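As the structure is a prediction and not an experimental result, all values here were calculated from the model. To find a chain, count down the sequence lines: A is the first, B the second, and so on, and within it residues start at 1.
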Number of protein chains: 2
Amino acid sequence: MQLHLLHEDDFFKWDIILKKNSRLSLALHTLAHMANAPDKIRTSADIAEHAGTNPVVVRRVLGHLRLAGLLVSEKGHAGGWRLARSPDKITLADVYLALDESLISSSDEVKSHNCSLERALHNRVADIMSDIEESLLDRLKATTIVEICE
Amino acid sequence: MQLHLLHEDDFFKWDIILKKNSRLSLALHTLAHMANAPDKIRTSADIAEHAGTNPVVVRRVLGHLRLAGLLVSEKGHAGGWRLARSPDKITLADVYLALDESLISSSDEVKSHNCSLERALHNRVADIMSDIEESLLDRLKATTIVEICE
DNA sequence: TTATCTAGTAACTATCATAGTTACGTAATA
DNA sequence: TATTACGTAACTATGATAGTTACTAGATAA
């Protein structure tokens, strides 16, 4: 039925490219607004309305930023979200890493590389992908949240 | 029903990140094998079996490379696929661009940026994304198909 | 001429990631 | 004690991708 069952040499995959993913945008959007008025506490409902999405989605995304120590949240009356530290100490790399995405997906399913060509190919490309991710991070580290809303 | 209908300030999106996408891998895999034996003509069925996928998928992906002038294909008896030029003249950037993917997706749906903050944010991030894609391309241009299978 | 082989492509299905949504538990406070 | 807001599970809807079937067009061998 499926051709790839016929061949044990399971195909390996890399991906650069983009994902249909608005988490990064939502995170940056929110952080930028917070940087402009750091003392204001915002509820997920406020943020969702401003960003045109749903409070649960907001809590989901900002939860990653909380885990990464970029935001703090408080429950109950007068609760909500605020920056955990000065916005000039938060870089785009912090945000990117907080969202736990990776530029490179070298599939785990890399099994038997029968031919040496495939092994070589895999290693070469993996090295290049590492280079690329490193330079991506360097570029993101160079910009803080404050700078993107000046 | 949908909150984003309540707010005209339609949210804009960027994406870095990766897509679940094996086209790049299939393309590189195939090109690397062709570089090793440039005179051999390969059918989509051969390639599919070796890559563990389906001939139609192969023709779909390689079709992009043909449009980009990296491969040629011939129909009929003894037809199939081969390199359109020397593999040391094909860089990873050629392949990446042939597949018509873009690292950056600054959504077309960027409508009204009501607040100036959003305009600034959008412009800043777009600039950074351009930087990143440029350096990605530079890195990919630096490696040829021949080099990834040495 | 005819059979065969191969690319090109449309159309459909299956799978998966994501976002959106509802619902409810937990914690804080007026 | 009622209210507010986060935390999170569970479900649905949507869209991208790959896989698959089936067909057409073109090229060659017999």
* Nucleotide D:dT20, atom C1' - distance to CD of B:Glu49 in whole Å -> 17 Å
* Asked: How close or far is atom P of C:dA19 from atom CD1 of A:Ile47, stated in whole angstroms?
  -> 16 Å
* To do: Rounded off to whole Å, could you give me the CG-to-C1' distance for the B:Leu24 and D:dA18 pair?
  => 16 Å
* Residues B:Ile47, B:Leu62; criterion side-chain contact (heavy atoms from CB on, under 4.5 Å); working and verdict -> CA-CA 10 Å; B:Ile47 296 165; B:Leu62 300 192; 3.8 Å; yes
* To do: Whole angstrom is fine here: how far is it from CG in B:Leu62 over to C1' in C:dT9?
  => 15 Å
* So which of residues 65-78 of chain A are in contact with DNA chain C, with a heavy-atom cut-off of under 4.0 Å? -> A:Lys75, A:Gly76, A:His77
* **Worked check of side-chain contact (heavy atoms from CB on, under 4.5 Å) between B:Tyr96 and B:Leu136** => CA-CA 10 Å; B:Tyr96 172 75; B:Leu136 164 72; 3.7 Å; yes
* Taking the six-membered ring for Trp, are B:His50 and B:His29 parallel (under 30°), tilted (30 to 60°) or perpendicular (over 60°)? -> tilted
What does the list of N/O pairs under 3.5 Å between the protein and nucleotides 10-14 of chain C look like, with a distance for each?
{"unit_1": "C:dA11", "atom_1": "N6", "unit_2": "B:Arg60", "atom_2": "NH2", "d": "3.1"}

Output a table of donor-acceptor pairs, distance under 3.5 Å, between side-chain atoms of residues 140-150 of chain A and any protein atom two or more places apart or on a different chain; print 'none' if there are none.
{"unit_1": "A:Thr143", "atom_1": "OG1", "unit_2": "A:Arg139", "atom_2": "NH1", "d": "3.2"}
{"unit_1": "A:Thr144", "atom_1": "OG1", "unit_2": "A:Val146", "atom_2": "N", "d": "3.4"}
{"unit_1": "A:Thr144", "atom_1": "OG1", "unit_2": "A:Glu147", "atom_2": "N", "d": "3.3"}
{"unit_1": "A:Glu147", "atom_1": "OE1", "unit_2": "A:Thr144", "atom_2": "N", "d": "2.9"}

* Asked: For A:His33, does its backbone N or O pair with a side-chain atom of A:Arg42 as donor and acceptor, under 3.5 Å?
  -> yes
* **OP1 or OP2 of C:dT21 under 4.0 Å from side-chain N/O of A:Asn54** => yes
* To do: Please examine the side chains of A:Leu71 and A:Met34, heavy atoms only from C-beta on, and report whether any two atoms are closer than 4.5 Å.
  => yes
* To do: Send over the distance from A:Ile41 CD1 to D:dT4 P, rounded to a whole Å.
  => 17 Å
* **Set of residues satisfying side-chain hydrogen bond (donor to acceptor under 3.5 Å, both in side chains) with respect to B:Asp46, sequence neighbours excluded** => B:Thr43
* Asked: To the nearest Å, how far apart are B:His64 NE2 and C:dT9 C1'?
  -> 12 Å
* Asked: Will you find, in the side chains of A:Ser135 and A:Asp138, an N or O donor that is under 3.5 Å from an N or O acceptor?
  -> no
* Asked: For C:dT6, does OP1 or OP2 lie under 4.0 Å from any side-chain N or O of B:Thr43?
  -> no
* Counting just side-chain N and O atoms, does A:Thr53 come under 4.0 Å of either OP1 or OP2 of C:dG20? -> yes
* **Side chain B:Asp127, main chain B:Arg124, donor-acceptor under 3.5 Å** => no
* To do: Please round to 10 degrees the angle between the axis of the first five pairs and the axis of the last five pairs in the helix from C:dT1-D:dA30 to C:dA30-D:dT1.
  => 0°
* To do: Measure distances between side-chain N and O atoms of A:Arg59 and base N and O atoms of D:dT8, and say whether any donor-acceptor pair falls under 3.5 Å.
  => yes
* Asked: Which atom pair, heavy atoms only, marks the closest approach of A:Leu28 to B:Leu121?
  -> O-CD2, 4.2 Å
* Asked: How close or far is atom C1' of D:dA18 from atom CG of B:Leu99, stated in whole angstroms?
  -> 15 Å
* Asked: Considering residues at least two apart in sequence or located in another chain, which fulfil the side-chain hydrogen bond (donor to acceptor under 3.5 Å, both in side chains) criterion with B:Asp88?
  -> B:Ser86
